[in-house]
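Since the structure is predicted, the reported quantities are computational estimates derived from the model, not experimental observations. In the text below, chain A, chain B and the rest are named by the order of the sequence lines, each starting its count at 1. Because only heavy atoms are used, hydrogens play no part in the values below, and waters and symmetry mates are left out as well, while side chains stay in.
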There are 2 protein chains.
Amino acid sequence: MIEKLLLKLRLRDELSDSEEAVLRGAMSHTVDHTQGRTFIRSGMELTTSNLLIDGLVCRYKDLADGSRQMLELHVPGDFIDLHSFPLKRLDHNVMALVPSTIGVFPHERLQAITQDEPHLSRLLWLSTLLDASIHREWLLSLGRRSAIQRLAHLFCELYIRLGIVKLTQQTSYRLPLTQSQISELKGLTPVHVNRTLKELREQGIVTFRSDTVSIHDWTRLQAVAEFDPAYLFMEKRPR
Amino acid sequence: MIEKLLLKLRLRDELSDSEEAVLRGAMSHTVDHTQGRTFIRSGMELTTSNLLIDGLVCRYKDLADGSRQMLELHVPGDFIDLHSFPLKRLDHNVMALVPSTIGVFPHERLQAITQDEPHLSRLLWLSTLLDASIHREWLLSLGRRSAIQRLAHLFCELYIRLGIVKLTQQTSYRLPLTQSQISELKGLTPVHVNRTLKELREQGIVTFRSDTVSIHDWTRLQAVAEFDPAYLFMEKRPR
DNA sequence: CGGCTACTTGAGCCCGCTCAACATCAGTGG
DNA sequence: CCACTGATGTTGAGCGGGCTCAAGTAGCCG
């Protein structure tokens with residue numbers, strides 16, 4: 001169940017067998033959520049944190065005029081709301097973009113980990129800081145990158161993150177999102193996303209169609225996006 | 001020295017005298033940085049984390065064309081780069097916007113805290129998650145808010161955050177930034193920031209002049225920004 | 001007083017938005 | 001089997017918020 005989480009953590013540091021066992025024991029059960037369901041709402045009192053096991057999930061905030069900004073896209077192996085363990089509630093909503101399976105980690109068990117497993121605790125801390133680092137890279141995108149750069153960057157990031165958890169083929173991966181959802185991810189309108197995808201396709205860089213991203217020219221894709229994976233901290237070292 | 005950090009932490013949870021003492025003991029010394037100095041660069045190997053004691057500091061990333069996006073503004077009492085403790089390096093640069101005094105926390109001492117002080121560790125974890133929450137609110141600003149809303153929101157946020165560490169007067173506070181720096185904070189151009197500030201001033205909402213923000217109509221300022229301080233988690237409770 | 005930096009304002013442009021029509025496709029029911 | 005429906009994608013036309021370029025002003029310091 002937590003295999004993809006282990007892949008993600010072991011990319012960044014060693015994890016002993018006993019730590020792995022503690023982590024497995026910290027998950028109480030799984031829950032399935034239907035497509036489109038917002039299962040965590042901003043402000044709710046939370047006593048568990050959730051690991052995405054299978055599916056696709058996003059965090060988002062809405063504005064009064066109905067416009068929505070997605071804040072992060074979560075792939076299997078990501079903790080969705082580990083932030084709620086120290087924070088006790090969230091500042092945003094969480095929604096399943098496709099039917100998704102979630103692993104539930106009660107806060108008491110996480111609390112026990114912080115008492116007894118300092119190294120494992122630091123790795124959990126690390127995993128929330130990867131979210132923060134992704135937030136910062138997205139701030140750069142929304143603040144300074146053009147539409148074509150934003151989409152190129154999104155496709156680069158997901159290629160790397162999905163690759164870590166073995167969810168890519170050679171040069172493609174499944175991404176079951178609508179163009180409208182992509183517009184909510186990157187601060188654009190659906191119409192402009194459509195035109196920008198066409199541009200990327202006609203330039204022979206990347207195609208997004210029938211829920212699949214096919215990268216035709218990774219070098220140019222990276223160049224357009226100014227993508228540097230350093231912000232994903234993919235180095236194994238003592239933490 | 002760490003008084004403002006204590007104000008910030010005690011706003012969110014109890015902190016025992018012994019924990020306070022541990023925290024004081026974790027700081028090895030202070031360093032002064034001159035105005036405009038970038039003292040942490042992306043990718044550098046880091047073995048200490050820094051607390052802002054006095055001054056004003058920002059994190060930022062640059063793009064190849066020379067444009068810059070600031071990611072967060074730090075006020076006294078904020079850890080600037082506690083993220084570097086689990087991450088070991090940063091994904092961005094850190095610069096002093098005015099002459100600033102920084103308290104240095106060696107990572108070995110923070111490591112010791114994670115071994116011996118689980119509750120204090122969770123509070124340090126919390127403080128990095130407040131950064132992440134601020135990042136998310138800024139994502140909403142950059143993705144969906146108009147120029148006037150972005151600036152209004154910035155002035156709201158800083159009024160609250162500076163208030164926590166007692167750096168506000170009744171309805172005003174010092175903010176020694178140029179209009180150009182404000183444009184780098186909120187993904188705008190200096191010219192448009194100038195026009196937008198004029199608009200806010202002429203509407204009698206807020207004035208930003210000679211390094212001071214004067215709020216004339218807090219209710220309208222909040223309304224324009226759609227500001228809701230929930231994302232700052234200002235509730236005292238066990239963490 | 002001269003030189004620098006920051007602020008201010010005008011004029012014109014463009015990227016991305018809005019509005020609208022139409023195409024495509026997967027259900028769904030008759 | 002086709003008609004209907006609703007969601008999603010595509011394309012055109014025109015608009016506008018924020019950008020660029022440029023000139024000028026204000027304030028500070030040597």
- Query: If we only count heavy atoms from C-beta on, is the A/His216 to A/Thr207 side-chain gap below 4.5 Å?
  - Reply: yes

- Sequence-aligned protein contact record of nucleotides 9-28 of chain D, with B where the base is within under 4.0 Å of a protein heavy atom and S where only the sugar-phosphate is: SBBBB----BSBB-------

- Note on the structure: Tightest non-hydrogen contact, residues A/Phe39 and A/Ile80, listed as CZ-CD1, 4.2 Å

- Query: By salt bridge (charged side-chain N to carboxylate O under 4.0 Å, His left out), which residues pair with B/Glu137, not counting sequence neighbours?
  - Reply: A/Lys61, B/Arg145

- Message: Counting C-beta onward and ignoring hydrogens, is there a side-chain heavy-atom pair between B/Leu63 and A/Glu226 closer than 4.5 Å?
- Response: yes

- Task: Locate the shortest heavy-atom distance separating A/Arg150 from A/Leu142; write the atom from each residue and the value.
- Result: NH2-O, 3.5 Å

- How far does the P atom of C/dC15 sit from the matching atom of C/dA11, given to the nearest Å? 23 Å

- Task: Begin with the C-alpha distance, continue with both residues' side-chain angles, and end with the deciding distance and a verdict on side chain to side chain donor-acceptor pair (under 3.5 Å) for B/Thr30 and B/Thr101.
- Result: CA-CA 7 Å; B/Thr30 65; B/Thr101 303; over 6 Å; no

- Message: Distance under 4.0 Å to a non-hydrogen atom of chain A counts as contact; along DNA chain C, which nucleotides mark the start and end?
- Response: C/dG16 to C/dC19

- For the pair B/Glu157 and B/Arg161, find out whether any cationic side-chain nitrogen is under 4.0 Å from an anionic carboxylate oxygen. yes

- Query: Does the side chain of A/Val57 come within less than 4.5 Å of A/Met95's, by heavy atoms?
  - Reply: no

